[in-house]
Amino acid sequence: MSILEEIEKIKLFALEEISKAQEISGLENLRVKYLGRNGNLTHILRSLEKYPLSDRKNIGKLANEIRLILEKEIDEKKKYSEDLEYKKLLENEKLDVTASINKISAGHLHPITKTLEKVEQIFSSMGFEIVDGPEVETEFYNFDALNVPAHHPARDMWDTFWLRQNEVKSEKLKVKSDGRLLMRTHTSPMQVRYMQKNKPPFRIIVPGKVFRREATDARHESTFYHLEGLMVGEDVNIANIKSVFEIFFSNFFEADAKIRLRPSYFPFVEPGLEGDVSCLICRGKGCRLCKNTGWLEIFGAGMVNQKVFIAAGYPKNKYQGFAFGFGLDRFPMMLYGIDDIRLFHSGDLRFLKQF
Ligand code: PHE
């Protein structure tokens with residue numbers, strides 16, 4: 001093979017290698033291999049004197065031509081590779097603004113919790129203290145102290161879940177002296193518990209869960225929320241009930257509310273009252289929510305029976321006060337038009353996410 005052929009062969013090899021090179025570093029290696037100080041072509045150019053004078057010109061010319069070709073080739077390919085790498089870089093960086101993202105959904109408060117917070121805030125602003133009581137109660141606080149002795153027909157109204165005594169060991173509940181244990185049927189037991197430890201004047205509310213042996217349906221649950229209220233002093237009277245509720249409901253419904261009191265019966269109050277509030281939807285004109293009466297039946301109330309004061313250890317006829325109780329679940333039901341109380345405890349997110 002003549003030297004000229006050899007140079008052509010180097011060219012072919014080099015071009016092939018250049019075309020196959022993938023990265024910029026590979027191209028730089030090829031530049032060194034063919035065009036560097038110890039490169040193949042450089043060698044040939046340096047050793048020209050080995051060849052007959054007549055051939056040197058051609059050899060040198062061809063080698064130089066090829067050197068230029070390879071240099072151009074490498075430079076072009078290098079530029080191309082640089083563009084390619086830059087493009088790749090951009091591709092990896094691109095932002096698809098239409099892509100859906102996994103939203104981290106934060107939870108939120110239950111509709112009853114929200115209602116309770118609002119109720120507590122309004123009563124607090126009227127000077128009521130918020131008090132908690134036990135959900136497991138004794139027969140004494142749930143019934144006897146509230147003037148509902150054993151065999152009193154009113155016990156039927158609150159017939160409930162009794163607990164097996166030996167399964168509950170609680171110092172606080174004083175099982176022996178206070179009778180059997182049960183799930184409290186109302187929050188009224190806290191009236192007596194609070195009065196045993198505090199002297200009037202005072203005003204408290206007691207929110208909490210209550211339990212009843214109910215056949216559940218859209219309007220009845222075996223577990224629901226009650227709110228008790230108690231205000232005691234030396235001259236607290238029925239007019240105070242009316243004004244407290246007028247202020248409360250006007251704030252709660254964010255509209256002027258009227259209160260109507262009707263006679264009713266609860267053993268722990270005398271006289272006993274049933275309290276209605278003017279319908280928040282129709283403002284008394286009559287609609288579906290108030291069944292065309294213009295009034296919503298909301299709370300039980302009355303003047304504290306002196307027998308309850310005595311059970312709490314107060315002297316007879318020294319104090320007077322009012323008590324009230326209502327179901328909390330009914331408020332969000334009215335406000336949001338919820339027609340089934342069971343939804344509150346169902347844990348169904350399709351329901352809960354609407355609030
Ligand atoms: N505890 C009564 C109930 O469960 C409500 C009530 C409370 C009534 C206080 C009068 C006074 O229905």
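Just so you know, ligand 1 is whichever comes first in the structure, and atom 1 is the first atom listed for that ligand. In this text, all values refer to a predicted model and were calculated from it rather than measured experimentally.
Residue F324 has at least one heavy-atom neighbour below 4.0 Å for each of these atoms of ligand 1: 7 (C), 9 (C), 11 (C). Of all atoms in ligand 1, numbered sequentially from 1 with element shown, those under 4.0 Å from a heavy atom of H226 are 3 (C), 4 (O). Residue S188 has at least one heavy-atom neighbour below 4.0 Å for each of these atoms of ligand 1: 1 (N), 7 (C). Close approach of ligand 1 to A323 (heavy-atom distance below 4.0 Å) involves ligand atoms 9 (C), 11 (C).
The aromatic rings of F299 and F245 sit parallel to each other, their planes meeting at less than 30°, with 60° as the upper class boundary.
For F331 and F326, the distance between ring centers is under 6.0 angstrom. A distance of 6.0 Å or more separates the ring centres of Y225 and F344.
Under a 3.5 Å cut-off, the side chain of E139 and the backbone N or O of R180 do form a donor-acceptor pair.
Taking 4.0 Å as the cut-off, F268 counts as a neighbour of ligand 1 on heavy-atom distance. Ligand 1 has R212 within reach: a non-hydrogen atom of the residue lies less than 4.0 Å from it.
Checked by distance only, ligand 1 and H186 come closer than 3.5 Å through their nitrogen or oxygen atoms.
For atom 5 (C) of ligand 1, the closest heavy atom belonging to the protein is G325 CA, 4.0 Å.
Screening E228, E137, H226 for a side-chain hydrogen bond (donor to acceptor under 3.5 Å, both in side chains) with S188, the sole residue that qualifies is E228.
Side-chain contact check for V236 versus V304: every heavy-atom pair is 4.5 Å or farther apart.
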